[in-house]
Each structure stands twice: as C-alpha cells, then as structure tokens.
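Atom set for the values below is all heavy atoms of this structure, side chains included, hydrogens, waters and symmetry mates excluded. All ligand and atom numbering here is 1-based and tracks the order in the structure.
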Amino acid sequence: MKSWKWPKHSILIIAILATWIKTAIVYRTSFEFDLENGMQKFILFINPLSFLLFAYGLSLFFKTEKARNRWIIGTSILLSIVLFGNVAFYRFFNDFITLPVLFQTSNFGELGTSVAEILNLKDLLYFIDVFIILIAVKYIPKLGSSYSVRKNVRRAYFVLALAVLFLNLGLAETERPQLLTRSFDRELLVKNIGTYNYHLYDIYIQSKSSAQRALADGSELVEVDNYVQANQAAVNEDMFGKYKGRNLIVIQLESLQNFVLQNDMNGYEVTPFLNSLIHDKDTYYFSNFYHQTGLGKTSDAEFILENSLFGLDRGAVFFTHSGNTFNSMSEKLGKNGYYTSVMHANNKSFWNRDMMYQSLKMQKFYDITYYDVNDENSVNWGLKDIPFFEQSVELLAEQPQPFYTRMITLTNHFPFTLDEEDKMIPEYNSNSGTLNRYFQTVRYMDEALKSFFEELKEKGLYDNSIIVMYGDHYGISENHNKAMAMYLGKDEITPYDTALLQSVPLFIHIPGSGDGKVIDKVGGQMDLRPTILHLLGIDTSNDMQLGADLFSDEHEDFVIFRDGRFVTDKYVYADETCFDRATGEETDIQGCKPYIERAQKELEYSDKIINGDLLRFYDEETGNLLSDAVK
Ligand code: GP9
Ligand code: MN
C-alpha cells in the first residue's frame, strides 16, 4: 500500500479550515443573528474566510517551517481569544466588543458574580482549533528546515485571498447597501464582514476619531450652534425658578424599565411605592419617557443627564472622551452655589468615573470607600440598595446646602440575584431566569426607595429638596423576547414592541408642590438637564444642549434613540420601518421621513461635538465661539 503523503502546506490548510469551521459554528451557536434569507446565511458562513486566509497566510513569508508553524499557532491562539472575548461580552451586553471597551479591563475584572454566571468549562471548546493545529504540527512529518515558499506561490495565494475578500464585500453590499459608511450597527457589520474584519474596521474608525480631535476647529460649531438655537423650546414661565435654591437629589435607577410599573406579576404588585407616587399630588410622572443610551449603559445615562448630548455609537464616551471639555449640569450648579456630588458604592474607576467626573466638574465622588460594605449587606454587584440609601442619607446630611447629589443604585442589575431574606415576591415562571428574577430585584429596589424617602424626612432633608428618579436603560434585552412576550401576553415581540419597551419611568417629586400629575408627552433623558435646571431657575439658553425642557409648551413629542430609531406621539421608527402608534402596524415611510433626517442630524451633531472636543472652543457664559488661538 502506498503511504499517504501530506501536501506541502497541510498545516496552513488545516489551520484555515479549523478556525473557519469553528468560527462559523460559534456564529450560529453563540450569537443571535436574525438571518432573513439564504444569502445572509451564506455571507455569514464565508465571512471569516478572507481574514483567515490573510492572517494565516502571512506565515508564507517566513523562511523556515518552524517559524511558519509558530506564526500559525500564535495566530490561532490570538484569534480564539478575540472570538471568545466576543462571545463572553455578547452574553453580557448583547453586543460586539469595540476597541475602547476592550481597554476597560478594570471593568471586566469587576464583573464578579456576573462572570461566574457567564463562563463555564465547555468554553474550552472555543479553543478547539488551537488544539487541532497543535496536534497537526506534532504528527505531520516535517518537510525539512530549508524549505521556503516560492514567490509565485505566495502571489497566487494572496490573489485568491483578495478575491474571497471582494466576493464577501460584494455580496454584503448587495444585501446591505452603505454598510461600511453607515456602520452604526455592530451586529450588521459582524454579520456581513465577520468578527475579525470587523475588528480591523473598528481599529480604523478609532484612529480616525483621535485624528478628528486633532483636526477639529471651532468653526465646526457654528452649524451645530445654529441648529441648537433654532430648536430651543421657550421656558415655561410658571415653572422657571419655582423651586430655586432647593436641594436636588437625582436617583438613577439601575435597569428599571417602565413595563413593570402599574403592573403585577402573577398577582404581586411589582412597584407599590413608585405606583403610589404616580398619582401623588407632589409628583410629576412621565409615562412616555425613554432612555437614550448606547453601549455605555449606566455611564451613558449619566453622561446624557449631565450634558444633554448623546453617548457615542461605539464604546462608552466615559472612556473614550473623559478628557474633553464639557459644560455639565454639575458645573452649572456648582457655579450657582451648589455643592455637587455623586454617591455610588462601587470602585471609583468603574466606567472610568473618577476621570470623567473631573471633566464634569463634579466636586465630590462618594465611592465605595465611603461605605461600609460587608458580606451581610451586599449581594450581586455589591452593597444592597437599602443599606446604600441608609448610609447615603448620613453623607447627605453632612453636605453643605444647597446640594446636588446624584445617586446610582446597584441591586437591580443583571443577573438580578438577591439573598433569600430580600425576596419580597416569588420569581416569575417564564423560560428566562433573568426575567423571572428581574421582578424580584425591582420589587426590592422599590422598597429601598420607600425607606429612602422616610429617611430623608427623618433627617429634615425632604421638604427642601427636589427628587428626580429615572431608569438608566433597559434591564431585559432582546435575548429574552420569548419570556417577555409571555409576560406581556403577546404572540411575539416585534421591533415596534422592542422600541416602546425602551421606555423608562421618570419621576420629578417636589414636596409641597401640590400640582403633580401624569404627563404623557414623549421625552427622553436628553431633556432632563434643561428641565431640572429651569425648575431651579438656571438659564440654559446659551447651552450647547440637544434636549428640551419637558415643562415647556414647545417641547416636541420626539425622542431619538442612540441607534437612530425614534418614537413620536404618532410614529415609531424601528428596523428601518415606520410604525403607526395608533395601531402598532407598519405604515407608509413618508410619515417618518422628516424625523429620520432630523434624528440622523442630531446624532451627527452630538458626535461631532464629542469627537472634535468642540466645547473647548465655546464660551457658555456668552454663547460666543472662542478663537482657535485661545485653547
Ligand atoms: C456599575 C453600575 C453598572 O457601577 O453602574 O453599570 P451598567 O453595567 O449598568 O452599565
Ligand atoms: Mn445600569
């Protein structure tokens, strides 16, 4: 019998095939792409190939077989780490990693309980191609060290690789025109050009944005300024300055969505305290209010509140642009005699807060070191909300008045775990443990707020304060649509439903005001800054902000999401489709058209300000542009 002879480049071929097939399997098992047709499935299948041909193919430039194999093994390890990193990240954030987030290593270190929930032994399978390559290198007979690759073989190989790349891009372009120019959706990118190429693309975009700052100049602000001025909503004279001098307490409620309010779960009321506020005479409850965050989640919500600008479409602005010049709400309140602080029982570096708060001119950050945190009083991500508020009230009482203090809760955070004694209602009974537990942690947070109000009263801090509370972002991602549909009694969750599910509650509680009501104007987190500042009698007419005062008669029913979706009183625009809010059905795109353009424009202006660090050219006192020479 003639013995089998391994072809010359067996290791290279095995590596390409092993990583390709592994990646294709991972795509289908570890990510949830919605694939609409056979072509999309085909593109998803072939998209790792072009990159792998290049990456492994570089080995052909090495002179010795040993060096070539080393390159191949090293590449396979690196690519496995990248792919697995994406899988772990996806389990948590339902999104793909982008470069700035990758540098947030401190964040990953602290995911703590969440990491345990996310990783398991089977994950070694994500490295299977590395093992296959190692075995191949060990057992396939060597060619002899002097064998090097001929130039024309190499040339033919890379022509083939290029052809595969263009085939991939061409098919993607027919499926998804303008894919690379619009880029706001990472999932679409990965689906069409593959994880590996996507990362290269991301590197390119990131370096572009650091170049943007270097090249930006103040004149770019003129157009934005004109837009901001033209779209200002006149203040409501009755409300402006009505509560001047009061303390301001802002509570950012972790992962709280509106659907649990005024609702029960198998007969158990989920938010009894918040529900009692809805019809309270001292509370304005906004029932049609939406989060506008992106990948920066909690930190984006903070950013939006402080600046009335959007976070970024990639990465978290808290990380990527913490060195920028801003004109934050805390800076403004500070200038108006307020003592400004944030209270949050987590490490100061989480979300790069310590850095960003300096740029936001926040005077004090009460981080975890100001709290007594031990095994008894913590769960999940850290200090439980009830002891958090208890201890925070003590800190509040010590602060000079008037103060602006922003508190960020933690217990109602994925994976929504609680100690037995804190469970006030049972779990829900869907196929999603996440949703099932969510009701319990929300119920706990509601209880924490109730006791916080009591403590404020005891400390004599209640009457002279305004308390603003809102949900920071969604808690239940689209991964749990099936369970959500069951809870909401629907057949399925459509893109229309998903958009409306981004509604978060907003409460503005003003003790003694007496004229509280439910307001169903459509608004979003961008509107918080002007709304709050106006209540305190602080003018914002020169501010470079994109939101508008919710109490203004000119406030428009229009809220833009970070990804370009939007909601108005009549329409919902999602999945590139216009829906009629009266029926929930698809309607003629014409109705949405004018808003689509404006949404793009506002997002673009916001990005321009942040990427170019344009506020360094702006004098917020006078509304004048500073000449480039000044800064
Ligand atoms: C961390 C907390 C959570 O301190 O604010 O951030 P999130 O994961 O919700 O963005
Ligand atoms: Mn959050």
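The ligand atoms of ligand 1 that sit less than 4.0 angstrom from a heavy atom of W381 are 1 (C), 3 (C), 8 (O). Near E254, with a cut-off below 4.0 Å to any heavy atom, the atoms of ligand 1 are 3 (C), 9 (O). The atoms of ligand 1 that sit less than 4.0 Å from any heavy atom of W351 are 6 (O), 7 (P), 10 (O). Of all atoms in ligand 1, numbered sequentially from 1 with element shown, those under 4.0 Å from a heavy atom of N346 are 1 (C), 4 (O). Ligand-side atoms of ligand 1 in range of H473: 9 (O), range being under 4.0 angstrom from any heavy atom.
Distances between N or O atoms of H344 and those of ligand 1 include at least one value under 3.5 Å. Below 3.5 Å of separation, one finds no N or O of K297 facing any N or O of ligand 1. Note: an N/O pair closer than 3.5 Å links R353 and ligand 1 by distance alone.
Judged by distance alone, with hydrogens and angles left aside, the side-chain atoms of S465 form no donor-acceptor pair with the main-chain N or O of I467 at under 3.5 Å. Side-chain atoms of D300 do not come within 3.5 Å of backbone N or O of A316 as any donor-acceptor pair. The backbone N or O of V504 lies less than 3.5 Å from no partner atom in the side chain of H291, so there is not a single donor-acceptor pair.
D446 and T271 share no side-chain donor-acceptor pair at under 3.5 Å. Using modelled atom types and a 3.5 Å distance limit, the side chains of T568 and D557 yield no donor-acceptor pair.
Our summary of the site lists the angle at the Mn ion (ligand 2) between OE2 of E254 and OD2 of D472 as 110°, to the nearest 10 degrees.
Within a 6.0 Å radius of NZ in K423, more than 12 heavy atoms belonging to other residues, nucleotides or ligands are found. Environment of NZ in K348: sparse, with no more than 12 heavy atoms of neighbouring residues, nucleotides or ligands closer than 6.0 Å.
Checking T298, N347, T409 against atom 3 (C) of ligand 1, the nearest heavy atom belongs to T298.
A cation-pi geometry, defined here as NZ or CZ lying under 6.0 Å from the six-membered ring centre and within 45° of its normal, does not hold between K364 and Y357.
If you look at F414 next to ligand 1, there are no close heavy atoms at all, none under 4.0 Å.
Within the coordination shell of the Mn ion (ligand 2), defined by N, O or S atoms under 2.8 Å, H413 is absent. The Mn ion (ligand 2) does not have Q252 among its coordinating residues (no N/O/S atom, backbone or side chain, under 2.8 Å).
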